[in-house]
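Side chains are part of it too, since the values below use all heavy atoms of this structure and drop only hydrogens, waters and symmetry mates. Here the structure is a predicted model, which means the values were calculated and not measured.
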Amino acid sequence: PKLTPKLDSKVFGKWYWEVKELAAFLREQGLPSSGLKADLTQRVSDFLRTGRVALRKVAAGKGPRDSVIPGGLKVSTPVENYNN
């Protein structure tokens, strides 16, 4: 079937969808279209079931992955190249 906003979410779940189809549908609906296929599938399914997508919240206290570097990473940070 064609992936449209009127498609039943149960019918959607029974078919195989390519990532490019899911991403195109989400873009047409003005929704985020990046992420893993499982994320896109869940987003489309939520939209078809409710008419909107619940945005996932980041857990409190979780910053960007590079926040572990004290002082951050700067262009002036010296880099050593080691070869065996």
Please list, one pair per line, the donor and acceptor atoms closer than 3.5 Å that link side chains of residues 19-39 to other protein atoms, with sequence neighbours excluded.
residue: Glu21; atom: OE1; partner: Glu18; partner atom: N; Å: 2.7
residue: Lys37; atom: NZ; partner: Trp17; partner atom: O; Å: 2.8
residue: Asp39; atom: OD2; partner: Leu36; partner atom: N; Å: 3.3

Check this for me, if you would: do Arg43 and Asp46 make a salt bridge, where the nitrogen-to-carboxylate-oxygen distance has to be below 4.0 angstrom? no

Any salt bridge (charged side-chain N to carboxylate O under 4.0 Å, His left out) pairs touching residues 6-16, not counting sequence neighbours? none

Which heavy-atom pair separates Pro1 from Leu7 by the least distance, and what is that distance? CB-CD1, 4.3 Å

How far does OG of Ser45 sit from CG of Leu40, to the nearest 0.5 angstrom? 12.5 Å

If every non-hydrogen atom of Leu3 is compared with every non-hydrogen atom of Val44, which pair is closest and at what distance? CD1-CG1, 4.2 Å

